[in-house]
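A short write-up of the structure that comes next.
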Amino acid sequence: METQTAKLLDGKALAAKIHQELITEISQLQPKIGRPPGLAVLMVGDNPASAAYVRNKEKACAKVGIASFNRHFPKETTQAELETVIQELNQDQRVDGILVQLPLPKHLDSVALLHQIMPEKDADGLHPVNLGKLVRGEPGLRSCTPAGVMRLLDEYSIPVTGKKAIVVGRSILVGKPLALMLLEANATVTIAHSHTKDLKAITKEADILIAAVGRPQLINAEMVNRDAVVVDVGINRVTDTNGKSRLVGDVDFQSIQGVASYITPVPGGVGPMTVAMLLQNTVSSYSRTVDSEQC
Ligand code: NAP
């Protein structure tokens with residue numbers, strides 16, 4: 001069998017393109033609204049990975065012209081204090097998107113906090129109202145990582161209708177909403193998880209295989225159908241024998257590259273798309289403030 005090299009689904013390049021589109025959109029909206037769009041990211045404690053993610057989001061906001069209203073709280077902050085801040089941000093006319101950076105210290109209830117965010121400002125698309133709209137197929141703010149995956153597939157004109165899509169992972173953050181988005185796009189969808197028997201037999205069936213597990217290189221070439229489209233959502237930090245750490249996904253990129261038709265790199269695949277979709281959700285909420293003022 002002749003070998004092939006899968007084409008890259010370049011999330012970094014597409015995210016840069018989306019940033020440019022957002023710059024244009026904001027420049028058209030800002031004269032009507034009289035202020036830039038605003039995003040507030042709430043972080044509690046000093047998790048270094050979270051701090052890096054928040055910095056990334058802030059940089060991306062600055063690049064496209066979204067004002068950041070980020071707040072950093074000490075790890076002892078109480079649930080009630082955070083709920084008060086969210087209520088204030090809900091009322092703040094300068095803020096179009098609010099998100100709570102996870103994970104939170106153990107004494108805090110992240111779901112209860114999420115419920116406090118106004119669905120119209122739920123930039124992460126994880127509020128039950130927005131997830132409910134996704135289930136019903138109604139327009140609403142969509143979860144960023146799954147929306148980023150769908151946008152990547154669309155950008156590369158990858159047909160979804162009638163295709164077998166297998167999503168490995170069923171988290172509320174990625175797997176479940178992504179399965180619903182693929183269903184909305186008329187794929188025939190299977191969701192696999194930690195109790196799935198014979199994962200390989202299932203993944204082998206996929207025209208579109210999504211790995212959202214959090215297990216370094218769980219998916220190898222033997223588990224992938226020839227010409228499948230492989231999307232790797234996983235971000236795992238591994239330490240090599242030389243003591244250096246690096247990021248790897250949930251799929252074994254090197255081996256699958258010779259089997260798949262398309263593949264996302266890690267880093268540079270889904271990660272930048274997640275941030276791009278966060279910015280897009282913020283601008284989408286912002287644009288609705290024009291509509292509501294003109295009503
Ligand atoms: P999660 O909440 O831990 O969920 C992992 C899912 O994988 C669960 O549904 C679990 O099944 C399933 N699973 C675990 N081991 C399995 C196995 N051996 N076989 C099949 N399924 C298995 O993780 P998550 O938040 O969805 O994140 C998944 C990965 O994506 C992580 O690496 C995370 O860092 C990454 N991520 C990346 C981005 C991005 O922007 N690129 C965004 C979010 C997350 P059960 O439900 O049965 O436990």
Side-chain angles (χ1 to χ4, degrees), residues 8-15 18-19 41 47-57 59-60 99-104 110-111 114 123-126 131 134 142-153 165-182 189-206 209-220 222-224 230-239 245-253 263-281:
L8 278 191
L9 295 170
D10 187 342
K12 196 171 167 196
L14 177 53
I18 293 168
H19 291 171
V41 180
N47 180 322
S50 294
Y53 286 134
V54 173
R55 271 197 308 276
N56 248 346
K57 287 168 187 169
K59 266 201 243 160
L99 79 87
V100 178
Q101 184 67 43
L102 301 178
L104 289 171
S110 60
V111 176
L114 178 65
D124 249 349
L126 295 172
L131 288 173
L134 170 62
R142 297 290 194 243
S143 325
C144 300
T145 303
V149 171
M150 296 306 293
R151 179 71 199 266
L152 255 182
L153 297 177
I166 315 288
V167 181
V168 189
R170 58 173 167 179
S171 72
I172 198 69
L173 188 62
V174 189
K176 275 185 201 164
L178 183 49
L180 285 163
M181 288 180 202
L182 288 160
V189 184
T190 301
I191 307 175
H193 46 78
S194 69
H195 299 269
T196 297
K197 303 263 188 293
D198 198 357
L199 184 62
K200 178 179 163 185
I202 290 168
T203 57
K204 266 274 190 196
E205 292 274 301
L209 176 60
I210 316 274
V213 185
R215 300 273 181 278
Q217 302 176 333
L218 174 79
I219 309 289
N220 59 44
E222 288 181 0
M223 299 168 80
V224 175
V230 179
V231 176
D232 191 353
V233 179
I235 302 178
N236 310 288
R237 189 162 285 285
V238 295
T239 307
S245 81
R246 62 191 168 97
L247 294 182
V248 298
D250 290 341
V251 312
D252 178 4
F253 184 89
I263 190 167
T264 54
V266 176
V270 177
M273 289 304 298
T274 298
V275 179
M277 293 297 104
L278 173 67
L279 305 183
Q280 192 169 74
N281 276 348

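The figures here come from the full heavy-atom set of this structure, side chains too, leaving out hydrogens, waters and symmetry mates. One-based numbering, in listed order, for ligands and for the atoms of each. Please read all numbers here as calculations on a predicted model, not as lab measurements.
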Can you sort out which atoms of ligand 1 are near [X], meaning under 4.0 Å from one of its heavy atoms?
X: Gly169; result: 6 (C), 7 (O), 9 (O)
X: Gly214; result: 28 (C), 29 (C), 31 (C), 32 (O)
X: Thr274; result: 39 (C), 40 (O)
X: His195; result: 47 (O)
X: Asn236; result: 32 (O)
X: Val168; result: 20 (C), 21 (N)
X: Leu173; result: 25 (O), 43 (C)

key: Any Gly271 heavy atom less than 4.0 Å to ligand 1   = yes

inquiry  = Just to check, does Ala212 reach to within less than 4.0 Å of ligand 1 when the distance is taken from its heavy atoms?
reply    = yes

Shortest protein contact, [atom] (heavy atom only):
atom: atom 5 (C) of ligand 1; value: Val213 O, 3.2 Å
atom: atom 47 (O) of ligand 1; value: Ser194 OG, 2.6 Å
atom: atom 20 (C) of ligand 1; value: His193 O, 3.2 Å
atom: atom 4 (O) of ligand 1; value: Ser171 CB, 3.7 Å
atom: atom 37 (C) of ligand 1; value: Val233 O, 3.0 Å
atom: atom 9 (O) of ligand 1; value: Arg170 N, 2.8 Å

request  = Would you check if Leu131 and Ile172 make a side-chain contact, meaning some heavy-atom pair closer than 4.5 Å?
outcome  = yes

